[in-house]
**Student:** 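Structure incoming, see below.
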There are 2 protein chains.
Amino acid sequence: MRPREFDHDDVLRIAFDQFWRKGVRGTSLSDIARDAGVQRGSLYNAFGSKEALFLCAYERYASEYLGSVQKALGSGTLRKRLTAFFDLTIKNFRSGSPPRGCPTTRGLMELASVEGEGLDESARKTFADLVARITDLVQEALSGGVKRGEFNGDPGTAALHIVTVTRGLAVLERAFGDEAQLRKIARHTIDLVLGGAGR
Amino acid sequence: MRPREFDHDDVLRIAFDQFWRKGVRGTSLSDIARDAGVQRGSLYNAFGSKEALFLCAYERYASEYLGSVQKALGSGTLRKRLTAFFDLTIKNFRSGSPPRGCPTTRGLMELASVEGEGLDESARKTFADLVARITDLVQEALSGGVKRGEFNGDPGTAALHIVTVTRGLAVLERAFGDEAQLRKIARHTIDLVLGGAGR
DNA sequence: AAAAATATTTGACATGGCGTCAATAATTGA
DNA sequence: TCAATTATTGACGCCATGTCAAATATTTTT
């Protein structure tokens, strides 16, 4: 059979970059094809549809992103680790100029119409993964030195709350665009989560 | 001059309903025109462009929404009022079937490309208004019976945090779609904000 | 080595959306 | 009554998505 003349991964990276900058609906396959030096038809042949291409590109990004989160959460006190998580998150969707926002959030909202079921599944996994990692973090801290009673409810709920805040930040960032404010909210959230520790 | 043959407000309501259900980019002016019994050209004559029409429709909605928030925050203890706020918010973006999500958040994310500057302004105002109302609420409670020291930082930061959570909920709702979970996060947030009061 | 099989590339095409424009129609005011 | 003004209407250009058949480049088979 005839070998393909372009690298799938290259195209996915290029496509994701455009999707992230201009949104899924705001990016045409012609744009991507031109940027990637590929014929538009080849993209259809390789991926089937624009939404399918976005999905592939998104999943490639998501695994990379989750990996970097994993790394950032490395070690240190709970406060330090949570701070690192918020820092990474804010830095991630403040990257580029103008800032490009949170890809998962943007994609999810943009495709959350009748049809956009493919990304729902994928975004759910991303969020679930984040919640799981933060839950582990909290549990680990609890079984370590951190005193119980500084958390309201179970670690899972705390993690859910934290991930919710990060996604809220992704939204506010689009509205206000003020990084200092985002950091303030992040710090405040950590203070709340760590109970009296930071007051 | 010739009188127009349709009611602006009717069209805005119909348009907003479609935008909310199918997204801005997923809704065509032909759809709206058909639904409203108006020619497509008339919409361009009256509003200028699809984005401008969306903006008008959004602003009509936003003032209605802020009014209902105002009402819901009416009276009672701070906990009761915050609970009412979360309830209204969740109920709002769980309305319809399937749930239609938060219009401000969806619109903001969808149009947050290079050009979408019109809605940025409008959404910023909506969020700023929400933050201001919640700030007032907290300040009122503080000058009333509620003890100081149950809040971390100033009331403004607390309000910002709360609004951030509601927007995070709008995102998670799209991913998980589980209303019970949203309520759990809301309750948890209130518990955190009210310090030791609810523990 | 030649031919068959198979997958990719390519360009043409159909469909549908946005936005513009000139022509037409319906009022109001002089 | 007629001019001025604004709304409506339908045709048009442009661009996007997605489909299809023809052409092309390999690998495998004979």
Side-chain angles (χ1 to χ4, degrees), chain A residues 1-58 106-107 110-119, chain B residues 1-58 106-107 110-119:
Chain A
M1 65 183 165
R2 181 174 179 174
R4 81 172 70 89
E5 296 177 2
F6 62 92
D7 184 70
H8 262 203
D9 221 60
D10 284 350
V11 167
L12 289 182
R13 255 189 316 249
I14 290 169
F16 184 77
D17 186 69
Q18 300 233 6
F19 284 137
W20 197 5
R21 271 192 290 124
K22 305 183 291 182
V24 178
R25 287 231 162 85
T27 303
S28 75
L29 285 204
S30 307
D31 293 342
I32 296 171
R34 194 180 327 112
D35 240 54
V38 173
Q39 288 289 114
R40 205 167 54 86
S42 295
L43 297 180
Y44 279 100
N45 176 64
F47 300 101
S49 73
K50 181 173 159 177
E51 194 169 323
L53 168 58
F54 171 69
L55 213 71
C56 285
Y58 172 76
R106 280 193 59 185
E110 197 175 352
L111 299 184
S113 314
V114 188
E115 50 226 309
E117 281 138 28
L119 184 65
Chain B
M1 64 184 167
R2 180 174 178 173
R4 80 171 71 89
E5 296 179 1
F6 62 92
D7 184 70
H8 262 202
D9 222 60
D10 283 352
V11 167
L12 289 182
R13 256 190 314 249
I14 289 170
F16 184 77
D17 187 68
Q18 300 233 6
F19 284 136
W20 198 4
R21 270 191 290 126
K22 304 183 292 183
V24 178
R25 287 235 162 82
T27 302
S28 75
L29 285 204
S30 307
D31 292 342
I32 296 171
R34 194 180 327 112
D35 239 52
V38 173
Q39 288 289 112
R40 204 167 56 88
S42 295
L43 296 180
Y44 279 99
N45 176 63
F47 300 101
S49 73
K50 181 173 158 177
E51 194 169 321
L53 168 58
F54 172 69
L55 213 70
C56 285
Y58 172 76
R106 282 194 57 185
E110 197 176 351
L111 299 183
S113 314
V114 188
E115 50 227 310
E117 280 136 27
L119 183 65

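Below, chains carry the letters A, B, ... as their sequence lines are ordered, and counting in each starts from 1.
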**Student:** Heavy atoms only, 4.0 Å cut-off, all strands: where does A:Phe47 land among base, sugar-phosphate and nothing?
**Tutor:**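 Counting heavy atoms under 4.0 Å across all strands, no contact is made by A:Phe47.
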
**Student:** Flag the pair B:Arg13 and B:Asp17 as a salt bridge only when some basic side-chain nitrogen lies within less than 4.0 angstrom of an acidic carboxylate oxygen.
**Tutor:**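 Salt bridge flag = no for B:Asp17 with B:Arg13.
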
**Student:** What are the two closest non-hydrogen atoms of A:Asp31 and A:Gly26, and how far apart are they?
**Tutor:**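 In terms of heavy atoms, the two residues are closest at OD2-O, 4.4 Å.
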
**Student:** Please give me the minimum heavy-atom distance between A:Trp20 and A:Arg106, naming the atom from each residue.
**Tutor:**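 Shortest heavy-atom separation between A:Trp20 and A:Arg106 comes out as O-NH1, 3.0 Å.
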
**Student:** OP1 or OP2 of D:dA7 less than 4.0 angstrom from a side-chain nitrogen or oxygen of B:Ser42, does that happen here?
**Tutor:**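 So the side-chain polar atoms of B:Ser42 never come under 4.0 Å of the phosphate oxygens OP1 or OP2 of D:dA7.
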
**Student:** How far apart are the closest heavy atoms of B:Ala46 and B:Phe6, and which atoms are they?
**Tutor:**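 Minimum heavy-atom separation between B:Ala46 and B:Phe6: CB-CZ, 4.0 Å.
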
**Student:** Measure CG/A:Leu43 against P/D:dA16 and give the value in whole Å, please.
**Tutor:**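 Whole-Å distance recorded here is 14 Å.
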
**Student:** Between B:Lys50 (NZ) and D:dA16 (C1'), how many Å, whole number?
**Tutor:**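 Those two atoms, NZ and C1', are 12 Å apart.
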
**Student:** Roughly how many Å is it from CZ in B:Phe19 to C1' in C:dC18, rounded to a whole number?
**Tutor:**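 B:Phe19 atom CZ is separated from C:dC18 atom C1' by 12 Å.
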
**Student:** Which nucleotide, C:dT20, C:dC13, D:dA7, lies nearest any side-chain atom of B:Tyr44?
**Tutor:**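 Of the options given, the side chain of B:Tyr44 lies nearest C:dT20.
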
**Student:** For the pair made of CZ in B:Phe6 and P in D:dA7, what is the distance, rounded to whole Å?
**Tutor:**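 Going from CZ in B:Phe6 over to P in D:dA7 covers 9 Å.
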
**Student:** D:dT17 C1' sits how many Å from B:Arg25 CZ, rounded?
**Tutor:**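 My rounded result for the distance is 14 Å.
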
**Student:** Side chain of B:Ser28 only, please: which of C:dT10, D:dA16, C:dG17 is the nearest?
**Tutor:**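 Nucleotide nearest to B:Ser28's side chain: C:dG17.
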
**Student:** If you go through the side-chain atoms of A:Arg2, does one of them form a donor-acceptor pair with the base of D:dT24 closer than 3.5 Å?
**Tutor:**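 Yes, a donor-acceptor pair under 3.5 Å.
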
**Student:** When the nearest nucleotide of DNA chain C is assigned to A:Arg4 and to B:Val24 on a heavy-atom basis, which residue is associated with the more 5' position?
**Tutor:**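 In this pair, the answer is A:Arg4.
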
**Student:** Can you tell me how far C1' of D:dA25 sits from CD of A:Glu5, to the nearest Å?
**Tutor:**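 Answer to the nearest Å: 8 Å.
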
**Student:** So which one's nearest nucleotide on DNA chain D is more toward 5', A:Asp31 or A:Gly41?
**Tutor:**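 Between the two, 5'-proximity favours A:Asp31.
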
**Student:** Ignoring the backbone of B:Asn45, work out which of D:dG18, D:dT8, C:dC18 is nearest its side chain.
**Tutor:**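 Minimum distance to the B:Asn45 side chain belongs to D:dT8.
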
**Student:** Can you identify which nucleotide, out of D:dG18, C:dG11, D:dT8, has its nearest atom closest to the A:Gln39 side chain?
**Tutor:**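 Looking only at heavy atoms from C-beta outward on A:Gln39, the closest nucleotide is C:dG11.
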
**Student:** Return the orientation label for the A:Phe19 and A:Phe54 ring planes: parallel under 30°, perpendicular over 60°, tilted otherwise.
**Tutor:**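 Answer is perpendicular, since the angle exceeds 60°.
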
**Student:** Roughly, in whole Å, what's the span from CD1 in A:Ile32 to P in D:dC15?
**Tutor:**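 Value for this atom pair: 18 Å.
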
**Student:** Just compare D:dT17, D:dT26, C:dA26 and give me whichever is closest to any side-chain atom of A:Pro3.
**Tutor:**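 From the listed options, D:dT26 comes nearest.
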
**Student:** In terms of side-chain heavy atoms of B:Arg40, which of D:dA7, D:dG18, D:dA11 is nearest?
**Tutor:**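 Nearest to the side chain of B:Arg40 among the choices is D:dA11.
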
**Student:** Using whole Å, report how far CZ of B:Phe54 lies from P of C:dC18.
**Tutor:**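 About 14 Å, once rounded to whole Å.
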
